[in-house]
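FYI, the numbering just counts along the sequence from 1.
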Amino acid sequence: STNRRFFLTYDYSVVCPGPNLNMIVGANGTGKSSIVCAICLGLAGKTAILGRGDKVGLYVKRGFPKGSIEIELCKNGGKVVINREIHVENNQSLWMLNGRHCNQKAVEEEVKALHIQVSNLCQFLPQEKVGEFAKMSKIELLEATEKSVGPPEMYEYHCELKNFRNKERELENVVKERANFLEKAKQRNERNKHDVNRYYEKKRHLDVIELLEKKKPWVEYETTRKELEGIKRERDEAKRQLAALKQAQAPMLRKIQEIDNQLKPTEAQIKAKTVAIREASNQCKQKQDQLDRKHKEIEDIKQTLKLKQMEEEDHQKRISNTRRTINDLKEELAKVGDQPDVTPQINAINVELRRNQEERAKIEGDKADLRRERDNLYAECRMLERRLSDMNNLLNAKEEKLRDRHRDTHAALQWLRQNKNQFTGNVHEPMMLVINVREHRFAKYVETHISFHDLRAFVFQKKDDMEKFMTEVRDKMNLKVNSISAPEESCSRRPPSRNIESMRRFGFFTYLREMFDAPDEVMSYLCHQYKVHDVPVGNDQTKAMIKTVIEEPYLKVLYTTEERYTVKRSFYSNKISTSNSAVQPSQYLTITVDAEEKQQLEQQLKTCELKLKDNDERLKALQSDAAALDRRDNELLAEKKHLSEVKGKKRQLEQKISTKQDSLRQMEQSVIDLKKIEEETKQKIASVNSQKVISHALILFLFFWRVHHIEGASELKTTDQRKVRLTEHCKGLLKKAKSICKMQYDESLPEDLRNAFNKLPDTLDEIDAMLNEERSRAECFTGLSESVVEEYNRREQEINNLEKELEEKSNALNTYRQNISEAKERWLNPLKQLVEQINGKFSDFFRSIQCAGEVDLHAENEEEYDKYGIRIRVKFHSSTQLHELTAYHQSGGERSVSTMLYLMALQELNRCPFRVVDEINQGMDPVNERRVFDIVVRTACKETTSQYFFITPKLLQNLQYAEEMTILCVHNGPQMLSPNQWNERTFIERCLQKNAQT
């Protein structure tokens, strides 16, 4: 029940409704809708729901400073009493809940707990909002239905799904962006990979050169060491032979010493020999035998000399062969030397290679500059594309709103875009798409001032073009669209009747025309038809001075911060009458796109793309030049390799000649002086022949011993000298080798170096040849530095980080998708069942009035949960097809029938405690009004349904009523009794008496 004091048309009134269908009947202006307003405001509803005044103080009866509402709600286990006292002066309210003061939020929470939704058109449909129901989009209707009859968690699941989907979109965009960025990073690094590979290939050659240079002294040391080992073995052999000779000569030396002692002449010995001649003769014979033996020894000495001569002859042959080999090598060297000196050619090639290197460095620098320029251009293009995409998204959002609101206009728009070349003059898309407000806060004024009928209209410069357009879209395509022909003479720059400066004292700050931009033809029409150039817009100061402002004779329409005022003057009495209405929030024009800026961005993007194309062509030209340089470098390096081989062959021949000459010098130093030995041998043999056999034998023996002894000692001395020299040389080479390898003197060769050395050649000639080849190959790689590798590795690290980030984002995306799948299952299956139940009831109701209707769950994309909606399709004539319920396709009465039957379909599934429908039967034809009334009575009077308020100013005669109905007759006016004096029984009795008298 509700009590109202000083509320709208009432001083005081009490309404006691019944538990089922409550039919509130009364003539227009008696206060039926005041009951609806009291229910809404008493339950903490917003004034915007009612569509009347925007300030709560406007609902207090004129002339009173305050008004009050009391609502009693019955529920299981008790009741809830809500009191609201409204103060006009400050538009504030005092609240009480069950007799205790509270704030508005506490009332809102209590109302919400009772599942009362006065903001839901499926539950609370005031008179001013009846037409809004059919204007609701499918999306809005679904949400209203979910809140009204769905389980409590259904709408929460839907919101959760939409949030999940938004997060999914964000993650999809992030994943896509990261994937694109990763791909571009890989492409950039791939372009540098060739240089990096060339750098590492050069480094491999340099590493081999370093190893060869490290091994070379070790090979030199090892060669010298082996030579030293050979000298040591020769020395040991000579020492052994000398020792053996000394040992063999020891007995002979003793005998010679004895004979030498015996040869010393003494007189006693001479006498003794004279006496013993016979004995001497025998001894002489013995000596002769001994002499013969000595002669034989002389022959042996001669034979030894001959052997020595043969040895020397063989030695000379080796010397001759070595000399011949040297001469052959010199002849081969001379042949090579006869060829021109390749050093200038090699130098020329090196010069050209360096020049190519400089050119390549310049090319690489230019390429790097172009790549940076391309990256900047690419970033600029992406930025411009994003800005254009944002603008296009805004335009698409506008178009989407147009499509939801008026599909025919949207279809005509698509046709126009494909056939614009058929028109000779300017043709503009619907005004709502081409009007751009300069500030968002201005949108509500422009949208309030221009009717939606014109906002969706196409504007033509020429009438012929308009007629051609209407023939195509209206007559041939059967689309309901609006079109406008702009004035032949432009009105877009028409001046206002008063300068805005002269009106600032009233708070006016601009004219409506200055709040938005539009093409000339559109602005011309709006100035001509809507006088936007002459409609001032003010602020709160204007509102405060409104009584003074409306006295100005030149003002016909004006705006304050929140209201529109229309001023009219009587032609006869010149009296002023005004009407005002609230300025509603903008639905379409808050989305603004600066057409000029968009055109500039498109031109900038085109220029940027042309620059990118030019950049690519220049980069390709540089790459072609670099490829030509690479080919030329390969040719030069091949030629240089050939010349280096020629030059290396000469060096190898020189090294061989030098080695052979060293061997020749050693052989020439060790030659035997045979002439001297032969002369000495002859002298000694002659001396032995002239002396006694023993002396002769002694001389011969001494000569033999001396020759052999001296020669052995000399050879041993030479060997020792070579050994000392080679030992010092070995030590120097070993020190050098360890120094190059950065080793301590007492440190052995590391295992890694030993393994590396094993893979390299073992001779100096092969090492030198390989060194020449590796140096030539290394020189092929010019213009490379570690910075290329560092940049490559840095980007590789970035790529790895991006891949990890992309993996994390992809996993998060998959998790969201799993959450979406689970939430979708929780939400969609019950929703489908709910819509099927609504469709069953709705279809039955339509069949009962001999029409057709259906309700279905509509989704263009199953994954776009914010685009799901409930679609109502109806057919009132057997010759037509089912059409979607919109604000334009059906007549007003058909929309009212469809709205009422949909609400009745919800009634039996009801979760809310009551429903309110105000004057929905206006515009219905009598047949449909009777049928709908029957359905309402039948449905709302069931015990299982909730309380229902049906407000109407008129009723057909002979309607079918039910006992469960409560009929509340509203008769309010200055001649009526006050409610506390009204007696229903007395009134009925008087009516019966009057009828009886008649």
K.L.:
Is a side-chain donor or acceptor of N22 paired with a backbone partner of F949 at a separation under 3.5 angstrom?
P.N.:
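Pair absent, no side-chain N/O of N22 close to backbone of F949.
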K.L.:
To the nearest 0.5 angstrom, please state how far the CG atom of L589 sits from the CG atom of L433.
P.N.:
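Rounded to the nearest 0.5 Å, the CG-CG separation comes to 9.5 Å.
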K.L.:
Can you name the closest pair of heavy atoms from I69 and L41 and give their distance?
P.N.:
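That would be CD1-CB, 4.0 Å.
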K.L.:
Given the rule in the side chain to side chain contact (heavy atoms under 4.5 Å, CB included) test, do L413 and F458 qualify, once you have shown the distances and angles that lead to the verdict?
P.N.:
CA-CA 9 Å; L413 173 64; F458 296 84; 4.2 Å; yes
K.L.:
Find out whether V874 and F842 are in side-chain contact, i.e. whether some heavy atom of one side chain is under 4.5 Å from a heavy atom of the other.
P.N.:
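Yes, at least one pair of side-chain atoms sits under 4.5 Å.
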K.L.:
Do the charged groups of E108 and K46 touch, with an N to O distance under 4.0 Å?
P.N.:
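Judged by the 4.0 Å cut-off on N to carboxylate O distance, E108 and K46 do form a salt bridge.
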K.L.:
Donor-acceptor pair, T560 side chain versus N539 backbone, under 3.5 Å?
P.N.:
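Judged by distance alone, no pair lies under 3.5 Å.
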K.L.:
Evaluate side chain to side chain contact (heavy atoms under 4.5 Å, CB included) for Y559 paired with T448, printing each intermediate quantity in order.
P.N.:
CA-CA 10 Å; Y559 286 87; T448 298; 4.0 Å; yes
K.L.:
Output yes when a side-chain donor or acceptor of D454 lies under 3.5 Å from a complementary backbone atom of A457, and no otherwise.
P.N.:
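Not confirmed, D454 side chain does not pair with A457 backbone.
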K.L.:
Considering all heavy atoms of both residues, which atom of P913 and which atom of I116 are nearest to each other, and what is their separation?
P.N.:
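It is CG-CG1, 3.3 Å.
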K.L.:
Decide, yes or no, whether a salt bridge links K809 with E805 under the criterion of side-chain N to carboxylate O below 4.0 Å.
P.N.:
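A salt bridge is absent here (no side-chain N lies under 4.0 Å from a carboxylate O).
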K.L.:
Side-chain contact test, heavy atoms from C-beta onward, threshold under 4.5 Å: evaluate it for V80 versus K75 and give yes or no.
P.N.:
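V80 reaches K75 side chain to side chain.
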K.L.:
Under 3.5 Å, side chain of T47 to main-chain N/O of V56, donor-acceptor pair present?
P.N.:
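No; judged by distance alone, with no hydrogens or angles, the pair does not exist.
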K.L.:
Check whether any side-chain N or O of N91 sits under 3.5 Å from a backbone N or O of G57 as a donor-acceptor pair, and report yes or no.
P.N.:
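Confirmed, N91 side chain pairs with G57 backbone.
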K.L.:
Can you tell which of E862, E168, E160 makes a salt bridge (charged side-chain N to carboxylate O under 4.0 Å, His left out) with K824?
P.N.:
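Only match with K824 under salt bridge (charged side-chain N to carboxylate O under 4.0 Å, His left out): E862.
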K.L.:
Do the side chains of T815 and Q818 get nearer than 4.5 Å, heavy atoms only?
P.N.:
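They are not in side-chain contact.
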K.L.:
Consider only side-chain N and O atoms of Q600 and Q604, and report whether a donor and an acceptor are under 3.5 Å apart.
P.N.:
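The criterion, which ignores hydrogens and geometry beyond distance, is not satisfied for Q604 and Q600.
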K.L.:
Any ion pair linking R871 and E884 (charged N to carboxylate O, less than 4.0 Å)?
P.N.:
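No, E884 and R871 are not salt-bridged.
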K.L.:
May I have the step-by-step check of side chain to side chain contact (heavy atoms under 4.5 Å, CB included) for R873 and H858, ending in yes or no?
P.N.:
CA-CA 11 Å; R873 296 195 299 164; H858 182 264; over 6 Å; no
K.L.:
Can K162 and E143 be counted as an ion pair, charged N to O under 4.0 angstrom?
P.N.:
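Salt bridge between K162 and E143, a charged N being under 4.0 Å from a carboxylate O: yes.
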K.L.:
Within the 3.5 Å criterion, strictly below it, is a donor on Y868 or H158 matched to an acceptor on the partner's side chain?
P.N.:
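No pair is found: no donor N or O on one side chain lies under 3.5 Å from an acceptor on the other.
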K.L.:
R456 and K480: which non-hydrogen atoms are nearest, and at how many Å?
P.N.:
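In terms of heavy atoms, the two residues are closest at NH1-O, 3.7 Å.
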K.L.:
Does the pair R403/E400 count as a salt bridge with the N-to-O cut at 4.0 Å?
P.N.:
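Result for this pair is yes, salt bridge flagged.
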K.L.:
Between the main-chain N or O of I799 and the side-chain N or O of K186, is there a donor-acceptor pair closer than 3.5 Å?
P.N.:
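No; judged by distance alone, with no hydrogens or angles, the pair does not exist.
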K.L.:
With respect to R794, which candidate in E798, E796, Q797 satisfies the side-chain hydrogen bond (donor to acceptor under 3.5 Å, both in side chains) definition?
P.N.:
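It is E798; the other options fail the test.
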K.L.:
Taking NZ, NE, NH1 and NH2 as the nitrogens, is one of them in R178 or E808 under 4.0 Å from a carboxylate oxygen of the other?
P.N.:
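Judged by the 4.0 Å cut-off on N to carboxylate O distance, R178 and E808 do not form a salt bridge.
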K.L.:
Which pair of heavy atoms, one from A518 and one from I435, lies closest together, and at what distance?
P.N.:
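Closest approach of A518 to I435, heavy atoms only: CB-CG1, 4.2 Å.
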K.L.:
Using a strict 4.0 Å threshold on nitrogen-to-oxygen distance, state whether E177 and R382 make a salt bridge.
P.N.:
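No, E177 and R382 are not salt-bridged.
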K.L.:
Side chains of T145 and Y902: any donor to acceptor distance under 3.5 Å?
P.N.:
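Distance-only check passes for Y902 and T145.
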K.L.:
List the steps and the verdict of salt bridge (charged side-chain N to carboxylate O under 4.0 Å, His left out) for E156 and R826.
P.N.:
CA-CA 11 Å; E156 295 175 4; R826 292 195 303 267; over 6 Å; no
K.L.:
Is E863 salt-bridged to R165, cutoff N-O under 4.0 Å?
P.N.:
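Looking at R165 together with E863, the answer is no, because their closest N to O distance does not fall below 4.0 Å.
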K.L.:
Determine, stepwise, if the pair L857 / L142 fulfils side chain to side chain contact (heavy atoms under 4.5 Å, CB included).
P.N.:
CA-CA 8 Å; L857 186 63; L142 172 60; 4.2 Å; yes
K.L.:
Just by modelled atom types, is the L94 backbone N or O under 3.5 Å from a matching donor or acceptor in the E85 side chain?
P.N.:
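Between the backbone of L94 and the side chain of E85 there is no qualifying donor-acceptor contact (under 3.5 Å).
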